[in-house]
Structures are given as C-alpha cells and as structure tokens.
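First up is the structure itself, then whatever we jot down about it.
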Amino acid sequence: MDMARGPRLKTQLDETAARFTASVFFDWRLLPFDVKGSIAHVTMLAEQQIIANDDAKTIIAGLNQVLEEWQTGRLSPHLEWEDVHMNVEGRLNEIIGPVSGMLHTARSRNDQVALDMHLYMLEVGSRLKAGLHALIAAMVQRAVEDLDVIIPGYTHMQAAQPILLSHHWMAYKSMFVRDYDRLEQWYDRTSCSPLGAGALSGTPYPTNPERTRELLGLKRVYDNSIDAVSDRDFLMEFLSWASLTGIHMSRLAEELVLWSSQEFGYIRIADEYSTGSSIMPQKRNPDVAELTRGKAGRVIGRMQGLLTTMKGLPLAYDSDMQEDKEAVFDVVDTMISLLTVVPPMLTTLRVNRERILRRLGNDYTAATDLADLLVTKGMTFREAHHLVGRLVSLLEAAGKGFQDVDAKWLKDVVPEIRPEWLKHLSPSDLVEKRTQPMATATSRVREQIEEAQSWLMRHNDFGGENFSP
Ligand code: ARG
C-alpha cells in the first residue's frame, strides 16, 4: 500500500528519490510520540462522533501493538512508507485492516509531525533539566570542597587579583542556572499543541483541538493553524539554548585543559576522564574536556544549519523543514552525552593545592591593593599606580616577590613606600578584604554556596541525581 501516492502519481517513486526524500531512517525515534498523538486524536474523533467508538477502540488497540513491537525491537522501518507517520499507519493497516484508514481523518502529516516534535522535545527537556541540575550540583560540590584554595584570577589571561577557587567555580554555577531558567521558559512555550491545524487551514470536521490538548497534557493550543504547521521556533530556540549551554561548558572545559597542563598544574583530571597518548608515555590527555570544547562547535553548527534552512521558507509547511530532525536529534544526543560526562569529571578532579600555593607567592597580584593602600596614605591613585609599577619592575628584575622585600632595600629604591605597608598583602588578606555582595571573601562565597544549595533543593523535581542518558 502506498498511502501518499494515490492515482495522481502513476509510477512508483524512483528508488534514489525515495531514499533521498525518506525520513524514516532518522525519524524512527518519534514513534512513541506519534502513537501517543494518534491515540489522543482518535479518542477525540470518537468523542466528537466523527468516527464510531468501536472503530476508535480497534485503532487504539492496533496502535498499542505497533508501539509494543517498536519497544521490543520487532518493528523495522520500511523505506516505501517514507516516514515514521506512514510507517505507523502502514503497520496498523497490516494489523487491523481497512479500519486503519480512519486514523488520518481530520489530520495532516503537517500537524502530526509538528505535534510529534513538540511531544518529543518536552520529554527531552525534562531529561536535560535533570542533567543541568546534576551539573549545577557538581559545580557547587567543587565550590564546597575547594573553599580553602586561593588562585590568581585572570583578566587578559594575565594574573590579575587573587580569588577563591570556589568563587571561580560558582561563576559557572551562575551561568548554568541561567541556562536552566532559559530551558524552563522554553519548556513552557513548547507545551503547545498544533493538532487540529490539518495541512494548514484547519479541517471541515467538527474536531475539538482543545480536547486533544487536554488528553496530551499540553498547556496551550496554537492560535493560528498556519503558524501551527510552519512554526519551528521551538526547535531553533532549543538549538540556541544548546549552543549557549554548550559554550558555557566549553569555556569551563578550556580552563580544565589549561589548568591540567604541566605549565599550570592547578588540577589533575582523574584517570577515568583522561586518556593516554599512543606514542608519548608521559602524557595524560584531557580528552573529555577537549571534546566538551569541541562539541560546542558542532552544536553551534547545527543551530546555524537549521536557522539557514528556515530563513527563506514561505508559509506553511515545506519539505525543507524535514531537515530539522537530524539537526535537533544530533544536538539532543550531544547535550545528553555532555551532561552525563561533565559532572563526574568535575567532581573527581583533584586540586593541586601545593602547586597553587607556590605559584601564588610568585606574582604581583597584590599590586592593586598596595596602590589602594597608598591612596589611604594620602597619594592620588595615579601617583600610587605609578609607584607600585616601579616597585614591581624592580622586584621582577631582582626575581623577588612583595614578601621578599627588606626595609633597607625598599628605602633605597622606592622610599615613598614604607615596609610595614607591605605587611597585609598576602593573598588571603586581599581575598578577605573583598566583603561586598558578589565579591570573593570567604563569607560571601559561602553565602553564594548556601543560596545555590537551597536552589538545588527547590529545583529537585526532576530528580537531578537520577539523570541518566
Ligand atoms: N517526514 C516529514 C517531516 O519530517 C513529515 C511531514 C511531511 N508532510 C508532507 N506533507 N510531506 O517533516
């Protein structure tokens, strides 16, 4: 049976054209959602007396069998049935016979595929929320464990001012919480039913789109049938969300790569998340972190692909839109794999406290604070900035840090600066002076951590720690 050809098309579709146009080999994962949508549709058709109750029962039983065959791997895709929707109907016809022909009353594949994608994305959305929750929990766990560690903070990749390592981790926490908010807002907008739009104009049957919405547990029905079948905003928005979240993970991954290098040596990524080199036995490659960085590029590429596909399309449905599937599915799989592997890589890494301590004593990240102190002694900030700059170049030339300065030497070279002023410039002095909200003092970071812990509790309705791919 060739459901979509009919008498208008006399010959069979060319085999290469069939392969070219078919989506069944990649939209197969939509089958449970397709069946769910069809059951709601048929239920509504019977309630509205568009089809008989007995026929609806037969169709629903048949659909459940198709689903069961799919779940147990006994169903295989047929090329001649083109896509998952016609595969379901084709198999249904084999099971229940001609009654199956009533399923597609008052419906088009255009509103059907749009519905399937909404239902699929909502399920994916819940899993991704759980994954993000796990990632945020991992960030907070790191912040709790590393609260005693001070690192140089960087601007322009130059050591700038000392900060708590936990403060740095918590910056990522804040980024991921925004990603979570965006995902929730997207989720709400995506909970919208296009069913009832038909091909584009609605249908002449007395259907009840509000009832199918209710049966499917969606929040709203599209208010315009043309928009309902041509809208892919929810997919483009999803890809934008994934790109942004991917970029955040990628920036974090880049720091892990850098910090685990011999040059930095701040952290050691666990063996479980490091690979060896096939030629250089000394190496521990941060592959997981590198691929986290790499996959963000892939996700952004997929987003650009779909944006470009959509940009010139006239309303309503066009076959170009079938290209949404591979892009979105690939990004879904990529995001799930990222959210599976990144949190445990974070919680298992080790911070090399000794190495960081040695590194900390060796820079001039106290320079701003020294200048600030000179201001309290009556200099202008510009004068102070200049004097401290001079002191730093002298120290640098002598291979010394602020802590190595002796009073006599200082008196000879920069007499304006008194030796006792250099006393309270240790990294922890500097950190603990920054006590305003959002700043790096331990008390403030601890507050951020407590707030984040309570956020995690409040958002645990997706069972964050139970996230599984
Ligand atoms: N396989 C199609 C897609 O993924 C389903 C919709 C086809 N509609 C149509 N009128 N050809 O977009």
Side-chain angles (χ1 to χ4, degrees), residues 1-9 12-38 41 63 66 70 75-92 101 103-124 190 192-203 212 222 225-236 238-239 302 305-333:
M1 189 190 57
D2 195 337
M3 284 157 286
R5 285 188 83 70
R8 283 279 284 133
L9 299 163
Q12 282 300 308
L13 186 62
D14 179 79
E15 160 83 18
T16 52
R19 290 205 171 274
F20 184 73
T21 52
S23 57
V24 68
F25 298 112
F26 54 78
D27 63 15
W28 198 234
R29 67 169 78 184
L30 292 177
L31 193 140
F33 306 95
D34 197 73
V35 166
K36 186 175 175 190
S38 287
H41 180 62
L63 285 169
V66 176
W70 179 90
L75 199 64
S76 41
H78 285 270
L79 173 66
E80 64 280 15
W81 288 336
E82 203 179 305
D83 57 23
V84 65
H85 324 291
M86 293 203 290
N87 268 259
V88 171
E89 199 183 320
R91 179 65 191 131
L92 185 66
L103 168 60
H104 213 49
T105 314
R107 189 178 69 172
S108 153
R109 271 187 296 159
N110 296 353
D111 55 349
Q112 186 179 0
V113 70
L115 175 69
D116 290 6
M117 287 302 276
H118 278 83
L119 295 177
Y120 170 76
M121 292 313 290
L122 290 174
E123 198 217 59
V124 161
T190 302
C192 191
S193 174
L195 210 56
L200 82 163
S201 62
T203 67
T212 35
Y222 274 86
S225 61
I226 302 173
D227 182 41
V229 291
S230 44
D231 174 33
R232 295 294 181 272
D233 288 1
F234 65 109
L235 301 179
M236 292 185 280
F238 167 74
L239 296 177
R302 289 299 200 172
L306 188 61
L307 294 179
T308 311
T309 295
M310 294 300 295
K311 71 171 270 298
L313 291 188
L315 304 184
Y317 177 85
D318 303 276
S319 284
D320 316 44
M321 284 152 72
Q322 179 170 289
E323 290 289 308
D324 61 2
K325 314 270 163 341
E326 285 154 296
V328 167
F329 296 162
D330 181 51
V331 169
V332 165
D333 296 344

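Atoms within each ligand, like the ligands themselves, are counted from 1 in listed order. All of these numbers come straight from a predicted model, not from anything done at the bench. The figures here come from the full heavy-atom set of this structure, side chains too, leaving out hydrogens, waters and symmetry mates.
- Of the protein's non-hydrogen atoms, the one nearest atom 7 (C) of ligand 1 is Y317 OH, 3.5 Å.
- Look at S23 and you'll find a heavy atom under 4.0 Å from some atom of ligand 1.
- Using cut-offs of 30° and 60° for the angle between ring planes, the H118 and Y222 rings count as perpendicular.
- At a cut-off of 3.5 Å, with distance as the only test, no side-chain donor of H85 or D27 sits close to an acceptor on the other residue.
- R232 and T309 share no side-chain donor-acceptor pair at under 3.5 Å.
- The residue among L30, D111, D318, N110 with a heavy atom at the shortest distance from atom 10 (N) of ligand 1 is N110.
- For atom 5 (C) of ligand 1, the nearest non-hydrogen atom of the protein is D83 OD2, 3.6 Å.
- Aromatic pair F25/H78: ring centres not closer than 6.0 Å.
- Rounding to the nearest 0.5 angstrom, the gap separating the CZ atom in R29 from the CZ atom in F329 is 5.5 Å.
- For H85, no nitrogen or oxygen atom sits less than 3.5 Å from a nitrogen or oxygen atom of ligand 1, counting backbone and side chain alike.
- Of all protein heavy atoms, the one lying nearest to atom 11 (N) of ligand 1 is R109 NH2, 3.6 Å.
- When only non-hydrogen protein atoms are considered, atom 2 (C) of ligand 1 lies nearest to Q322 OE1, 3.3 Å.
- Residue contacts with ligand 1: Q112 is excluded, as none of its non-hydrogen atoms falls under 4.0 Å.
- The protein non-hydrogen atom at the shortest distance from atom 4 (O) of ligand 1 is K325 NZ, 2.7 Å.
- Within 6.0 Å of the CD atom in Q322, the count of heavy atoms belonging to other residues, nucleotides or ligands exceeds 12.
- In this structure the side chain of Y120 never reaches within 4.5 angstrom of the side chain of K325, judged on heavy atoms.
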